[in-house]
Number of protein chains: 2
Amino acid sequence: MQNLDNIFFALSDPTRRDVLERIRNGPMPAGKIAEGLPVTRPAVSQHLRILKDAELIQERREGTKRIYGLNPLGLEALKEFFDDYWSVAMTRFKDFVETEEP
Amino acid sequence: MQNLDNIFFALSDPTRRDVLERIRNGPMPAGKIAEGLPVTRPAVSQHLRILKDAELIQERREGTKRIYGLNPLGLEALKEFFDDYWSVAMTRFKDFVETEEP
DNA sequence: TCAATATATTAGTGTATACTTACGTTAGTG
DNA sequence: CACTAACGTAAGTATACACTAATATATTGA
(Lines give C-alpha, C1' and ligand atoms only; values in the text may rest on other atoms or scores of the structure.)
Protein backbone atom coordinates (compact mmCIF):
# COMPACT_ATOMS: atom_id res chain seq x y z
CA MET A 1 0.00 0.00 0.00
CA GLN A 2 1.16 3.50 -0.77
CA ASN A 3 1.94 5.91 2.02
CA LEU A 4 -0.11 9.05 2.22
CA ASP A 5 2.92 11.33 2.08
CA ASN A 6 3.47 10.61 -1.59
CA ILE A 7 -0.19 10.69 -2.45
CA PHE A 8 -1.03 14.01 -0.83
CA PHE A 9 2.19 15.51 -2.08
CA ALA A 10 1.38 14.44 -5.60
CA LEU A 11 -2.10 15.89 -5.37
CA SER A 12 -0.92 19.18 -3.85
CA ASP A 13 0.36 20.45 -7.19
CA PRO A 14 -2.25 21.99 -9.51
CA THR A 15 -0.42 20.92 -12.65
CA ARG A 16 -0.43 17.33 -11.50
CA ARG A 17 -4.14 17.50 -10.80
CA ASP A 18 -4.53 18.88 -14.31
CA VAL A 19 -2.73 15.81 -15.58
CA LEU A 20 -5.17 13.58 -13.75
CA GLU A 21 -8.02 15.63 -15.09
CA ARG A 22 -6.82 15.10 -18.64
CA ILE A 23 -6.65 11.32 -18.34
CA ARG A 24 -9.70 10.75 -16.18
CA ASN A 25 -11.85 9.97 -19.21
CA GLY A 26 -9.37 7.52 -20.62
CA PRO A 27 -5.64 6.79 -21.02
CA MET A 28 -3.51 9.11 -23.11
CA PRO A 29 0.09 9.22 -24.40
CA ALA A 30 2.50 11.55 -22.61
CA GLY A 31 2.77 13.94 -25.52
CA LYS A 32 -0.95 14.45 -25.71
CA ILE A 33 -1.14 15.05 -21.98
CA ALA A 34 1.49 17.77 -22.27
CA GLU A 35 -0.32 19.48 -25.15
CA GLY A 36 -3.02 21.04 -23.05
CA LEU A 37 -0.70 22.13 -20.25
CA PRO A 38 1.15 25.44 -19.87
CA VAL A 39 4.52 23.80 -19.05
CA THR A 40 7.09 22.07 -21.25
CA ARG A 41 6.99 18.37 -22.05
CA PRO A 42 9.93 17.42 -19.81
CA ALA A 43 8.17 19.11 -16.92
CA VAL A 44 5.16 16.92 -17.57
CA SER A 45 7.42 13.86 -17.61
CA GLN A 46 8.62 14.75 -14.15
CA HIS A 47 5.08 15.18 -12.92
CA LEU A 48 4.12 11.85 -14.43
CA ARG A 49 6.88 10.18 -12.49
CA ILE A 50 5.69 11.64 -9.20
CA LEU A 51 2.13 10.57 -9.94
CA LYS A 52 3.35 7.11 -10.85
CA ASP A 53 5.42 6.80 -7.66
CA ALA A 54 2.30 7.68 -5.72
CA GLU A 55 0.47 4.95 -7.61
CA LEU A 56 -2.08 7.41 -8.83
CA ILE A 57 -1.39 6.61 -12.48
CA GLN A 58 -0.19 3.63 -14.50
CA GLU A 59 2.13 3.39 -17.48
CA ARG A 60 1.80 1.11 -20.49
CA ARG A 61 4.18 1.13 -23.47
CA GLU A 62 2.97 1.00 -27.02
CA GLY A 63 5.79 1.35 -29.53
CA THR A 64 7.60 4.56 -28.75
CA LYS A 65 4.59 5.90 -26.95
CA ARG A 66 3.83 5.64 -23.27
CA ILE A 67 0.19 5.56 -22.40
CA TYR A 68 -0.82 6.82 -19.00
CA GLY A 69 -4.03 5.98 -17.24
CA LEU A 70 -5.44 6.25 -13.76
CA ASN A 71 -4.42 3.73 -11.13
CA PRO A 72 -6.93 3.05 -8.37
CA LEU A 73 -4.32 1.86 -5.87
CA GLY A 74 -3.42 5.31 -4.57
CA LEU A 75 -7.08 6.10 -4.59
CA GLU A 76 -7.84 3.13 -2.41
CA ALA A 77 -5.31 4.39 0.11
CA LEU A 78 -7.01 7.76 0.12
CA LYS A 79 -10.38 6.18 0.58
CA GLU A 80 -9.10 4.32 3.59
CA PHE A 81 -7.77 7.56 4.97
CA PHE A 82 -11.30 8.85 4.84
CA ASP A 83 -13.17 5.87 6.11
CA ASP A 84 -10.74 5.14 8.89
CA TYR A 85 -10.08 8.72 9.86
CA TRP A 86 -12.79 11.17 9.08
CA SER A 87 -15.73 9.16 10.16
CA VAL A 88 -14.63 10.16 13.64
CA ALA A 89 -14.22 13.77 12.58
CA MET A 90 -17.84 14.20 11.62
CA THR A 91 -19.22 13.01 14.90
CA ARG A 92 -16.67 14.88 17.01
CA PHE A 93 -17.39 18.05 15.11
CA LYS A 94 -20.81 18.35 16.71
CA ASP A 95 -19.37 18.58 20.21
CA PHE A 96 -17.06 21.34 19.10
CA VAL A 97 -19.82 23.41 17.55
CA GLU A 98 -22.16 22.92 20.48
CA THR A 99 -19.64 24.04 23.09
CA GLU A 100 -18.88 27.07 20.96
CA GLU A 101 -22.33 28.55 21.49
CA PRO A 102 -23.03 30.50 24.72
CA MET B 1 -15.94 26.58 -0.64
CA GLN B 2 -12.26 25.93 -0.24
CA ASN B 3 -10.04 25.28 -3.22
CA LEU B 4 -8.25 21.98 -3.39
CA ASP B 5 -4.83 23.59 -3.69
CA ASN B 6 -4.85 24.64 -0.06
CA ILE B 7 -6.38 21.42 1.15
CA PHE B 8 -4.01 19.02 -0.57
CA PHE B 9 -1.07 21.22 0.25
CA ALA B 10 -2.04 21.25 3.91
CA LEU B 11 -2.38 17.48 3.93
CA SER B 12 0.89 16.88 2.10
CA ASP B 13 2.95 17.65 5.21
CA PRO B 14 3.33 14.77 7.70
CA THR B 15 3.56 17.09 10.68
CA ARG B 16 0.26 18.68 9.76
CA ARG B 17 -1.37 15.28 9.44
CA ASP B 18 0.04 14.54 12.88
CA VAL B 19 -1.71 17.65 14.14
CA LEU B 20 -4.99 16.42 12.70
CA GLU B 21 -4.36 13.02 14.20
CA ARG B 22 -3.91 14.57 17.61
CA ILE B 23 -7.19 16.48 17.54
CA ARG B 24 -9.32 13.93 15.75
CA ASN B 25 -10.66 12.59 19.05
CA GLY B 26 -11.53 16.01 20.35
CA PRO B 27 -10.41 19.67 20.37
CA MET B 28 -7.18 20.60 22.09
CA PRO B 29 -5.28 23.80 23.01
CA ALA B 30 -2.31 24.70 20.82
CA GLY B 31 0.21 24.00 23.55
CA LYS B 32 -1.04 20.49 24.09
CA ILE B 33 -0.99 19.79 20.38
CA ALA B 34 2.64 20.88 20.25
CA GLU B 35 3.61 18.65 23.18
CA GLY B 36 3.56 15.41 21.25
CA LEU B 37 5.27 16.79 18.17
CA PRO B 38 9.01 16.88 17.40
CA VAL B 39 9.01 20.55 16.31
CA THR B 40 8.90 23.77 18.32
CA ARG B 41 5.67 25.43 19.35
CA PRO B 42 5.98 28.33 16.88
CA ALA B 43 6.34 25.79 14.09
CA VAL B 44 3.10 24.22 15.22
CA SER B 45 1.45 27.63 15.20
CA GLN B 46 2.44 28.04 11.57
CA HIS B 47 1.06 24.63 10.71
CA LEU B 48 -2.16 25.45 12.51
CA ARG B 49 -2.54 28.54 10.39
CA ILE B 50 -2.14 26.59 7.17
CA LEU B 51 -4.65 24.00 8.33
CA LYS B 52 -7.04 26.76 9.32
CA ASP B 53 -6.69 28.53 5.97
CA ALA B 54 -7.54 25.23 4.31
CA GLU B 55 -10.61 25.03 6.55
CA LEU B 56 -9.48 21.69 7.87
CA ILE B 57 -9.49 22.94 11.47
CA GLN B 58 -11.35 25.53 13.53
CA GLU B 59 -10.18 27.88 16.26
CA ARG B 60 -12.04 28.83 19.43
CA ARG B 61 -10.62 31.12 22.13
CA GLU B 62 -10.90 30.34 25.80
CA GLY B 63 -9.03 32.80 27.96
CA THR B 64 -5.49 32.91 26.76
CA LYS B 65 -5.85 29.50 25.23
CA ARG B 66 -6.81 28.71 21.68
CA ILE B 67 -8.65 25.47 21.22
CA TYR B 68 -8.37 23.77 17.87
CA GLY B 69 -10.77 21.21 16.52
CA LEU B 70 -11.56 19.62 13.20
CA ASN B 71 -13.56 21.53 10.63
CA PRO B 72 -15.59 19.47 8.19
CA LEU B 73 -15.69 22.16 5.50
CA GLY B 74 -12.37 21.26 3.91
CA LEU B 75 -13.37 17.66 4.27
CA GLU B 76 -16.56 18.24 2.37
CA ALA B 77 -14.54 19.70 -0.49
CA LEU B 78 -12.36 16.62 -0.51
CA LYS B 79 -15.38 14.37 -0.53
CA GLU B 80 -16.73 16.19 -3.54
CA PHE B 81 -13.40 15.75 -5.25
CA PHE B 82 -13.90 12.03 -4.84
CA ASP B 83 -17.52 11.71 -5.72
CA ASP B 84 -17.33 14.02 -8.69
CA TYR B 85 -13.99 12.83 -9.95
CA TRP B 86 -13.03 9.33 -9.02
CA SER B 87 -16.29 7.65 -9.70
CA VAL B 88 -15.23 7.92 -13.32
CA ALA B 89 -11.75 6.62 -12.52
CA MET B 90 -12.95 3.29 -11.22
CA THR B 91 -14.99 2.43 -14.28
CA ARG B 92 -12.36 3.68 -16.73
CA PHE B 93 -9.72 1.65 -14.98
CA LYS B 94 -11.21 -1.60 -16.22
CA ASP B 95 -10.70 -0.65 -19.86
CA PHE B 96 -7.09 0.16 -19.16
CA VAL B 97 -6.37 -3.13 -17.44
CA GLU B 98 -8.14 -5.15 -20.09
CA THR B 99 -6.20 -3.60 -22.96
CA GLU B 100 -3.00 -4.19 -21.04
CA GLU B 101 -3.33 -7.98 -21.25
CA PRO B 102 -2.17 -9.75 -24.43
C1' DT C 1 -0.65 48.49 36.58
C1' DC C 2 2.74 44.86 36.64
C1' DA C 3 3.74 40.20 35.90
C1' DA C 4 2.65 35.65 34.17
C1' DT C 5 0.56 32.61 30.83
C1' DA C 6 -0.51 31.07 26.28
C1' DT C 7 0.04 31.86 21.91
C1' DA C 8 1.03 34.22 17.33
C1' DT C 9 4.25 36.74 14.32
C1' DT C 10 8.67 38.15 12.31
C1' DA C 11 13.31 37.55 10.49
C1' DG C 12 16.58 34.69 8.88
C1' DT C 13 18.35 30.23 6.90
C1' DG C 14 19.09 25.67 4.78
C1' DT C 15 16.75 22.67 1.81
C1' DA C 16 13.16 21.04 -1.40
C1' DT C 17 10.45 22.01 -5.46
C1' DA C 18 9.08 23.17 -10.27
C1' DC C 19 10.73 24.86 -14.04
C1' DT C 20 13.63 25.27 -18.49
C1' DT C 21 17.30 23.89 -21.75
C1' DA C 22 20.26 20.43 -23.37
C1' DC C 23 21.19 15.66 -23.90
C1' DG C 24 20.29 10.56 -23.80
C1' DT C 25 17.35 6.47 -24.89
C1' DT C 26 14.28 3.34 -27.18
C1' DA C 27 11.39 1.76 -31.02
C1' DG C 28 10.00 2.00 -35.62
C1' DT C 29 11.17 3.13 -40.93
C1' DG C 30 13.59 4.06 -45.28
C1' DC D 1 22.56 1.65 -40.72
C1' DA D 2 20.91 6.41 -40.62
C1' DC D 3 16.84 9.02 -39.46
C1' DT D 4 12.79 10.26 -37.09
C1' DA D 5 9.37 10.08 -33.35
C1' DA D 6 8.22 10.01 -28.64
C1' DC D 7 9.87 9.97 -24.66
C1' DG D 8 12.79 10.27 -20.19
C1' DT D 9 16.90 12.15 -17.63
C1' DA D 10 20.41 15.58 -16.07
C1' DA D 11 22.05 20.04 -14.85
C1' DG D 12 21.22 24.42 -13.41
C1' DT D 13 18.29 28.08 -11.28
C1' DA D 14 14.71 30.91 -9.05
C1' DT D 15 11.40 30.37 -5.70
C1' DA D 16 8.72 28.19 -1.94
C1' DC D 17 8.83 25.68 2.36
C1' DA D 18 9.67 24.25 7.17
C1' DC D 19 12.23 25.28 10.72
C1' DT D 20 14.38 27.91 14.85
C1' DA D 21 15.24 31.97 17.78
C1' DA D 22 13.67 36.31 19.04
C1' DT D 23 9.92 39.44 19.54
C1' DA D 24 5.05 40.85 19.81
C1' DT D 25 0.14 40.32 21.30
C1' DA D 26 -3.68 39.28 24.23
C1' DT D 27 -5.81 37.69 28.49
C1' DT D 28 -5.91 36.81 33.33
C1' DG D 29 -4.77 37.66 38.11
C1' DA D 30 -2.17 39.97 42.13
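Below, chain A is the first sequence line, B the second, and so on; all start at residue 1.
Distance Lys32(A) NZ to dC7(D) P: 11 Å, rounded to the nearest Å. Following rounding to the nearest Å, Asp18(B) (CG) and dC19(D) (P) show an atom-to-atom distance of 10 Å. If you measure from atom CZ of Phe8(A) to atom P of dT17(C), you get 17 Å, rounded to the nearest angstrom. Distance CG (Asp13(B)) to P (dT15(C)): 17 Å, rounded to an integer number of Å. Whole-Å rounding puts the Glu62(B) CD to dT28(D) P distance at 10 Å. One atom, CZ of Arg41(B), and another, C1' of dA21(D), lie 12 Å apart when rounded to the nearest Å. Leu51(B) has its CG atom 11 Å from the P atom of dA18(D), to the nearest Å. In this structure, Asp53(B) places its CG atom 13 Å from P of dA18(D), rounding to the nearest Å.
Ring geometry, Phe8(B) versus Phe8(A): the interplanar angle falls from 30° to 60°, so the pair is classed tilted.
Residues Pro42(A) and Thr64(A) both approach DNA chain D. Their nearest nucleotides, taken by heavy-atom distance, put Thr64(A) toward the 5′ side.
Note on Tyr68(B): a side-chain N or O is less than 4.0 Å away from OP1 or OP2 of dA8(C). Between His47(B) and dC17(D) there is no side-chain N or O to OP1 or OP2 distance below 4.0 Å. Between dA27(C) and Arg66(A), no contact under 4.0 Å exists linking OP1 or OP2 to a side-chain N or O. Thr15(B) has a side-chain polar atom (N or O) that falls below the 4.0 Å cut-off from OP1 or OP2 of dC19(D). Put simply, Arg49(B) has no side-chain N or O that comes within less than 4.0 Å of OP1 or OP2 on dT7(C).
Salt-bridge formation is detected for the pair Glu21(A)/Arg24(A): a Lys NZ or Arg NE/NH1/NH2 atom is positioned less than 4.0 Å from an Asp or Glu carboxylate oxygen.
Counting distance only, with no hydrogens placed and no angle test, the side-chain atoms of Gln46(A) and the base atoms of dT20(C) include a donor-acceptor pair under 3.5 Å.
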Worked check of side chain to side chain contact (heavy atoms under 4.5 Å, CB included) between Leu20(A) and Leu11(A) = CA-CA 9 Å; Leu20(A) 294 174; Leu11(A) 290 172; 3.6 Å; yes
Taking it one step at a time, do Arg17(A) and Asp5(B) satisfy side chain to side chain contact (heavy atoms under 4.5 Å, CB included)?
-> CA-CA 9 Å; Arg17(A) 288 208 307 280; Asp5(B) 267 33; 2.4 Å; yes
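Follow the hydrophobic side-chain contacts under 4.5 Å out from Val39(B) and you never reach Ile50(B); the two are in separate clusters.
Distances from the side chain of Lys65(B) to the nucleotides dT7(C), dT17(C), dT20(C) place dT7(C) closest.
Within the 4.0 angstrom heavy-atom criterion, only backbone atoms of the sugar-phosphate kind lie near Ala30(A); the bases stay farther away.
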